[in-house]
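First comes the structure, then the notes that go with it.
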There are 2 protein chains.
Amino acid sequence: MQISKGVEWAVHAASMMAALPEGRGLKAAALAHYHGVPTAYMAKQLQALSKAGIVQSSRGAHGGYRLAKPATDISLWDITAAIEGHGPAFRCTEIRQNGPCGLKRKDCKRPCQIAAAFSSAERAFRDSLKAVTLAHIGLQVVRDSEPEHLSDIMHWLESEVMPLSDTP
Amino acid sequence: MQISKGVEWAVHAASMMAALPEGRGLKAAALAHYHGVPTAYMAKQLQALSKAGIVQSSRGAHGGYRLAKPATDISLWDITAAIEGHGPAFRCTEIRQNGPCGLKRKDCKRPCQIAAAFSSAERAFRDSLKAVTLAHIGLQVVRDSEPEHLSDIMHWLESEVMPLSDTP
DNA sequence: GTTATTCGGACATTTAATATCCGAATAATG
DNA sequence: CATTATTCGGATATTAAATGTCCGAATAAC
Ligand code: SF4
Ligand code: SF4
């Protein structure tokens, strides 16, 4: 029951993009270098975000990534699901159909109480993550950081931010 | 973000033991055969439950496993944690300390909002599983099963159940 | 004491996560 | 419009973890 490291990186990258002005983006290498992680693997996560419709990508010179929708519409669950997949964590293999007292498939129309309990727990997990958006994260970062640190970030952004072409 | 198959097997095995009369047990091979899973791997999960204090084991002839405490005191989270470990699913690698704008370790006294959000979601997951005990599962199995099927189970139990020695 | 039996941990195998590489596509440039 | 520099995209190795298997240590019956 481990969450991939890629989720952490993707959330950080998305939070960074949420701080950019409208129409600007960052290339994968910049996002990776900023966080001190392998470039190619960070790129893989951004690819997953792109396929999920969370970010838009532009190729070629001055290409890069930007958010595909407002930060208020992107929850931590959206990002987690994009990287880890939407499937349930508890995989029921229907072993009640096995063995000497196995049930017939006909009697397994609905999930049992064990599967239902795990399903309910996962729903609670999802709902908790759905309640937190990138907008919330950004707001709290601004509130909790030293002004000096925010200045550093702004300075770095100015040196790396790319004016993306408008037609992806 | 996958939960090990061993969790499913362990929950099933524990539910089976919860149906036994006081002082009786089942050997690992019987539990594995009943569920149609590899014997040695089921044994591994039972070992984990034993180390976690959820079941008691007795070795030697007429040995086997039994619950170490009442079914009302064993939750699905207890079993999940025994198999999967107690560590958090979201592993924060403190990448905010990396890169050109990395924070000093001094400024990372408390977890950030991202880590806090995942921690909160995992707490919701745990609390949901903690609310379901083996007693609940057993009660619902009896209510939802065909009498014919329950009879099959009772019959099988009588042929496989072992009177464990009282001093583990 | 002997023996049959069972659990316990050490040992392979398979799968998934992690990390990397090179080709396809795009926009700037002349 | 052709060229070229640049960037994303998917296919490809490598490593860690989950899965599956085995044999010795311990115990109780005899
Ligand atoms: S968890 Fe429930 S549905 Fe899944 S195999 Fe077990 S009894 Fe069947
Ligand atoms: S999730 Fe939070 S605590 Fe963890 S590395 Fe990112 S900023 Fe730091």
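Predicted, not measured: the structure shown is a model, and the values here were computed from it. The chains referred to below are lettered A, B, ... by the order of the sequence lines, with proteins before strands, and numbering in each begins at 1.
The side chain of A:Arg59 places no N or O atom within less than 4.0 Å of a non-bridging phosphate oxygen (OP1 or OP2) of C:dG23. Between A:Ser50 and D:dG9 there is a side-chain N or O to OP1 or OP2 distance below 4.0 Å. Put simply, A:Ser57 has a side-chain N or O that comes within less than 4.0 Å of OP1 or OP2 on D:dG9. Listed pair A:Thr39 / C:dT20 fails the phosphate criterion, with no side-chain N or O lying under 4.0 Å from OP1 or OP2. The shortest distance between the side-chain N/O atoms of B:Ser58 and the OP1/OP2 oxygens of C:dT6 is not below 4.0 Å.
When distances are taken from the side chain of A:Tyr65 to each of C:dG8, D:dA29, D:dG9, the shortest belongs to D:dG9. Checking D:dT19, C:dC7, C:dA28 against the side-chain heavy atoms of A:Ala61 singles out C:dA28 as nearest.
Transitive grouping of hydrophobic side chains (ILVMFWY, heavy atoms separated by less than 4.5 Å) keeps B:Trp156 and A:Leu103 in distinct clusters.
By the 4.5 Å heavy-atom criterion applied to side chains, A:Thr133 and A:Ile74 are not counted as neighbours. Annotation: side chain of A:Leu31 is not in contact with side chain of A:Tyr34 (no heavy-atom distance under 4.5 Å). Contact annotation: the side chain of B:Leu20 never approaches that of B:Arg66 to less than 4.5 Å [non-hydrogen atoms, C-beta and beyond].
Rounding to whole angstrom units, CD of residue B:Gln45 and P of C:dG8 are separated by 13 Å. Rounding to whole angstrom units, CD1 of residue A:Ile95 and P of D:dT19 are separated by 13 Å. Remark: C1' of D:dA16 and CD of A:Gln2 are 11 Å apart, rounded to the nearest angstrom. When rounded to the nearest whole Å, the span between CE of A:Met42 and C1' of C:dT18 equals 14 Å. Atom CD1 in B:Ile3 sits about 14 Å away from atom P in C:dA17, given to the nearest Å. At whole-Å resolution of the value, CZ in B:Arg91 and C1' in D:dA16 are 10 Å apart. For A:Gln56 and D:dG9, the CD to C1' distance is 16 Å, given to the nearest whole Å. D:dG20 atom P lies 6 Å from atom OH of B:Tyr41, rounded to whole Å.
When each of A:Trp9 and A:Gly60 is assigned the nucleotide of DNA chain C with its nearest heavy atom, A:Trp9 is the one assigned upstream, toward the 5' end. Toward the 5′ end of DNA chain D lies the nearest nucleotide of A:Ala28, the other residue of the pair B:Glu84 and A:Ala28 mapping further downstream.
Closest non-hydrogen pair, A:Leu134 versus A:Ile79, comes out as CD2-CD1, 4.1 Å.
Between A:Phe90 and A:Phe118, the two ring planes are parallel [angle under 30°; tilted spans 30° to 60°].
A heavy-atom distance below 4.0 Å to DNA chain C is reached by none of the residues of residues 73-81 of chain A.
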Which donor-acceptor pairs under 3.5 Å do side chains of residues 4-19 of chain A form with protein atoms, sequence neighbours excluded?
residue: A:Ser4; atom: OG; partner: A:Gly6; partner atom: N; Å: 3.0
residue: A:Glu8; atom: OE1; partner: B:Thr93; partner atom: N; Å: 3.4
residue: A:Glu8; atom: OE1; partner: B:Thr93; partner atom: OG1; Å: 2.9
residue: A:Glu8; atom: OE2; partner: B:Thr93; partner atom: N; Å: 3.1
residue: A:Glu8; atom: OE2; partner: B:Thr93; partner atom: OG1; Å: 3.3
residue: A:Ser15; atom: OG; partner: A:Val11; partner atom: O; Å: 2.8

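Around atom NZ of A:Lys51, no more than 12 heavy atoms belonging to other residues, nucleotides or ligands sit under 6.0 Å away. Counting non-hydrogen atoms of other residues, nucleotides and ligands closer than 6.0 Å to NE2 of A:His33 gives a total of 12 or fewer.
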Any N/O pairs under 3.5 Å between the protein and nucleotides 9-14 of chain C? List them or say none.
residue: C:dG9; atom: OP2; partner: B:Gln47; partner atom: NE2; Å: 3.1
residue: C:dG9; atom: N7; partner: B:Gln47; partner atom: OE1; Å: 3.0
residue: C:dG9; atom: N7; partner: B:Gln47; partner atom: NE2; Å: 2.9

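A salt bridge is absent between A:Glu22 and A:Arg24: the closest approach of a Lys/Arg side-chain nitrogen to an acidic carboxylate oxygen does not fall below 4.0 angstrom.
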